[in-house]
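Notes to accompany the following structure.
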Protein chains: 2
Amino acid sequence: MGTSRASARSVVFAPLDPHSRAETVVRRLTDAITFGLLTDAEQLPSETDLAAQFGVSRVTVREALVALRQQNLVETRRGRGGGSFVRAPAAAADRSLRSRLSELSLPNLRDTADHYAAVAGAAARLAAQRADADDILRIEEVDADVAGPPHRMERAYHLEVAAVAQSARLAREEIRFATELGTLLWSPILQSVDGAYDPHAEHRAITAAIAAGDGDLARGLTEKHIETAVERLVTLHLTLVEP
Amino acid sequence: MGTSRASARSVVFAPLDPHSRAETVVRRLTDAITFGLLTDAEQLPSETDLAAQFGVSRVTVREALVALRQQNLVETRRGRGGGSFVRAPAAAADRSLRSRLSELSLPNLRDTADHYAAVAGAAARLAAQRADADDILRIEEVDADVAGPPHRMERAYHLEVAAVAQSARLAREEIRFATELGTLLWSPILQSVDGAYDPHAEHRAITAAIAAGDGDLARGLTEKHIETAVERLVTLHLTLVEP
DNA sequence: CCTTTAAAGTCTGACGCCATACGTTTTCGC
DNA sequence: GCGAAAACGTATGGCGTCAGACTTTAAAGG
């Protein structure tokens, strides 16, 4: 009894976000660059457009861009055709990933993964209930495109499943996890640890379950897919933490 | 392909929270009072304590309290033993609930419910994998306490299950849903629509599945429990929207 | 080469929020 | 009844953010 009361209060009275708005914009853009959502040499929208999209003042955007320039994550050019351009060195992303991984606590990593599996599994189940033939084709097309880095492929696949599930919330959650954890879970570093791992074969099995309308199987396969990736990540984490 | 890229961007460039900090505090406290997390005549922490807990300045808390007083949701007394006290008329809560329900769009309601079922179902499944005998006793004790309003009982039950699942994230999500949707889903208004509904019997079945270590059954029963409540809410929603 | 255009750079007054300090009110405890 | 303590009420200077306006820069297009 006391538990639920105390815990509900923990939400009501939880601290507000301590970060300034400029700082929040910095974190947004830094994460997007570090995790590959914004690629090297890519041009950001203009200051005016960024301000409109983020719902902040242009001064705030400019403040954030100063910080990003100091981190050498963007460079800015004036004049027509100017603007801010991403500078994302590949080696920095790799170092950032290992650094990030070694900062994560194992219980925290497992808890995040449990949550992710719940969301992605539910999306797969709903997709099995709601997909039509066009949806299945689309999922297959997305999965057939193997031209990019693994975490991009994984993100595209799971996001397509969430879209087919017709749940805006689950799709949004999927994107959040892809941003927060996806780059770790599906990192190329992990691919070299165990060569026998074939995510595409697992995707095909999930897609077949969705096509067959078997929601429980689709969910179970999705959960296992994520749990497998987590175990590999845990293995890497242990090598980093106990040298 | 374009789908996942465009959608990832929608997260990166999504608008920041437009609400001022004072306004956010107002919303927090208004929701907590309206949904029964803070009860009539209950004393709020002092301004200084609220400021510390919310991580804001006292001026901001005072600003929020002015707004709450204008809404007649609190009254404030000076001096020793003074402070702000909740004023939560039962009729206003009922009106607020119907008003809230008629504002919800049906697809939105279903989507939220799908997400809730995923979280609560996953919690039940993990609880079945991780519970020991003491945990089961605790769940049963929580469920045996029938002294309060239904939404309180439901919150306490599901939160206990999430606690037994040993997932901080799922517990936090559970609290969020209990705050956002729980008061609607388990409202006394709905209890009078269909007298045959017995949530405690459904809880006992879920608890038995958890005790038996049957994660899939525990999850399935939890999902059905929530889906049943949603259908009843949809029925009420239709009576409000199409008179 | 010149003009136009897009985009960054700079500035300004008003408002929200911060930390800090002090004053007033009311109850509690001796 | 008095003094102490808790708690609200008021005020202040500084910083972040806002909307809006104007200037400078550099590329694109004729």
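Note that the coordinates shown come from a computational prediction; the quantities given were computed from them, not determined experimentally. Residue numbers begin at 1 in each chain, while the letters A, B, ... track the order of the sequences.
Atoms CD (B:E63) and C1' (D:dC8) sit 15 Å apart, rounded to a whole Å. Counting to the nearest Å, the C1' atom of C:dC22 and the CZ atom of B:R62 are 14 Å from each other. Rounded to whole angstrom, the span from the CD atom of B:E23 across to the P atom of C:dC15 amounts to 17 Å. If you take CD of A:E75 and P of D:dT25, they are 19 Å apart, rounded to a whole angstrom. Counting to the nearest Å, the C1' atom of C:dC17 and the NE2 atom of A:H19 are 17 Å from each other. Look at CG on A:L16: it is 16 Å from C1' on D:dG16, rounded to the nearest Å. Summarising the geometry, the separation between CZ on B:R21 and P on D:dC15 is reported as 18 Å, rounded to the nearest angstrom. Rounded to whole angstrom, the span from the CD atom of B:E47 across to the P atom of C:dC17 amounts to 15 Å.
Contact annotation: B:S20 reaches the phosphate of C:dC17 (side-chain N/O to OP1 or OP2, under 4.0 Å).
With A:D135 contributing its side chain and A:V164 its backbone, the two residues share no donor-acceptor pair below 3.5 Å. Side chain of A:R138 to main chain of A:V161: no donor-acceptor pair is present (N/O by atom type, distance under 3.5 Å, no hydrogens or angles). Under a 3.5 Å cut-off, the side chain of B:R87 and the backbone N or O of B:V74 do not form any donor-acceptor pair.
If you check D:dA11, D:dA19, D:dT24 against the side chain of A:R78, the one that comes closest is D:dT24. The A:S57 side chain lies nearest to D:dA19 when the options are D:dA19, C:dG9, C:dA7.
If you check distances only, the side chain of B:R58 does reach the base of D:dG9 with a donor-acceptor pair under 3.5 Å. Evaluation of atom-type donor-acceptor distances gives no pair under 3.5 Å for the side chain of A:R80 against the base of D:dT25. Remark: the B:R77 side chain and the C:dT25 base include no donor-acceptor N/O pair separated by less than 3.5 Å.
Between B:H203 and B:H158, the two ring planes are perpendicular [angle over 60°; tilted spans 30° to 60°].
Nucleotides of DNA chain D nearest to B:T48 and A:A22 differ in position, and the one nearer the 5' end is that of B:T48. Residues A:R69 and B:G55 each lie close to DNA chain C; by heavy-atom proximity, the contact nearer the 5' end of the strand is made by A:R69.
Under the 6.0 Å cut-off for aromatic ring centres, A:H115 and A:F177 qualify, their centroids lying closer than that.
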